[in-house]
Amino acid sequence: MKKAKKIVTMILVITMLAGLAACSSKTESKTENPETEKMSDTMKKIKKSGKIVVGTEASFPPLEFHKEIDGKDTITGFDIFVAEEIAKDLGVELEIKDMSFDGLLAALVAGNVDFVAAGMAATEERRQSVDFSIRYYDTLQTILARDDNKDEFPADSDMKGKLIGVQKGSTQSEIMSRMYPKAKTVEIAKNADIILQLQSGKIDGALLDDPIAQLYAIANPGLTATELIFKNDPEYDVGSSIAVSKEAPDVLESIDKTLQRIMDDGTYDKLLEKADSMLDADMIDMLVDE
Ligand code: GLN
């Protein structure tokens, strides 16, 4: 009987201790800032480290490109300026990671970058794995060719048998198979390498977002943006948006707010002009020569 009482007392003590432990852990979490508690892990990491990491593929002028500034190779362009505004609104520094286009979304899902700004279209397929901001940039599609074969690409061409370079993992790859099934699509990792292959005659043309095609044509005398310029069909005409992890709705909300702010207060146009003013032929040549 005595023994039984002892056991009951022991159980009571253990239960009380466990209760106390639970209480103290509750008090601990109560002392944590309620704001922080609601944050996504990505937002917590951004705030704690004081920096936000953007992933991009920097051979896509005027949105992202390399330029020598004060003797230093720098990644700049419209997307980078927008990313700086995003960082500024969050009160943190911006870090840029340059990688191949087809690796960007995997890097985002793995948490190696906090958002992707790469002139990326918010397609349904990509929406399966990540979330997208409001659309902030629109483009047409253009076939870039050489001066010696540009006439082979009239506006109504079906590009039968032509070897057309596209950036691997880009919407251009899908556009080619959907709209130009008679052409042969060649997937190449970097836009800059597409240009090199076009110059050396390995491919006949390249499908690029329009401002990019026009800029490469200006910068490289032997290349021409052809008459084959088109708008995506409505189902596919999704412009460019910023990609964010599905686990970070608060980061997405902050990015959307920044985009809306810069569109409303005129900053957007100024940043676009600033990006254009940083382009010069030498710089794009350097890009291609790399
Ligand atoms: N807009 C195209 C896409 O989303 C290409 C983007 C790019 O090459 N940076 O796939």
Side-chain angles (χ1 to χ4, degrees), residues 54-66 75-83 96-109 113 115-144 164-180 185-198 203 205-217 219 225 228-244 255 259 272 275 279 284 287-288 290:
V54 60
T56 196
E57 190 282 311
S59 65
F60 205 61
L63 297 188
E64 38 269 337
F65 52 94
H66 288 264
I75 295 172
T76 188
F78 181 65
D79 276 344
I80 305 304
F81 300 147
V82 171
I96 304 165
K97 282 194 183 166
D98 186 15
M99 56 186 81
S100 71
F101 187 78
D102 68 331
L104 284 168
L105 293 190
L108 182 60
V109 172
V113 300
F115 68 104
V116 167
M120 188 178 272
T123 63
E124 278 314 311
E125 196 188 332
R126 289 173 181 159
R127 280 184 191 281
Q128 304 295 313
S129 51
V130 296
D131 280 342
F132 281 99
S133 72
I134 53 173
R135 173 177 173 147
Y136 69 95
Y137 195 77
D138 290 316
T139 59
L140 297 171
Q141 301 294 319
T142 305
I143 289 286
L144 185 68
I164 304 298
V166 295
Q167 179 158 252
K168 195 165 181 231
S170 70
T171 48
Q172 279 71 25
S173 177
E174 287 165 54
I175 291 170
M176 283 306 299
S177 49
R178 195 167 41 86
M179 293 176 71
Y180 296 97
T185 306
V186 183
E187 295 209 304
I188 300 165
K190 279 178 73 178
N191 281 313
D193 293 331
I194 297 179
I195 305 304
L196 285 177
Q197 295 206 19
L198 181 58
I203 52 176
L207 180 63
L208 294 163
D209 281 341
D210 185 64
I212 289 88
Q214 302 291 347
L215 285 169
Y216 274 120
L228 221 175
I229 300 179
F230 60 95
K231 199 174 185 317
N232 288 329
D233 62 39
E235 177 206 337
Y236 223 76
D237 186 17
V238 279
S240 301
S241 297
I242 285 172
V244 177
I255 288 175
L259 290 174
L272 209 49
L279 290 164
I284 302 181
L287 217 171
V288 173
E290 265 175 0

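Quick note: numbers below take in every heavy atom, side chains included, and nothing from hydrogens, waters or symmetry partners. Quick caveat, the model's predicted, so the values are computed rather than measured. First listed ligand is number 1; within each ligand, the first listed atom is number 1.
Partners of Y136 under the ring pair (Phe, Tyr, Trp, His ring centres under 6.0 Å) rule, at least two apart in sequence or in another chain, do not exist in this structure.
Listed as neighbours of ligand 1 are F60, F101, A118, G119, M120, A121, R126, Q167, S170, T171, Q172, N191, D209, each bearing a heavy atom under 4.0 Å from the ligand.
D98 contributes no side-chain N or O that, together with a main-chain N or O of G55, makes up a donor-acceptor pair within less than 3.5 Å.
In this structure, a donor-acceptor pair under 3.5 Å is present between the side chains of T142 and D210. Looking at D209 and Q141, their side chains do bring a donor and an acceptor atom within 3.5 Å of each other. Using a 3.5 Å distance cut-off with no hydrogens or angles, the side chains of T185 and E187 do not pair a donor with an acceptor.
Checked against S170 for a side-chain hydrogen bond (donor to acceptor under 3.5 Å, both in side chains), the options Q172, Q167, E174, K168 give a single hit: Q172.
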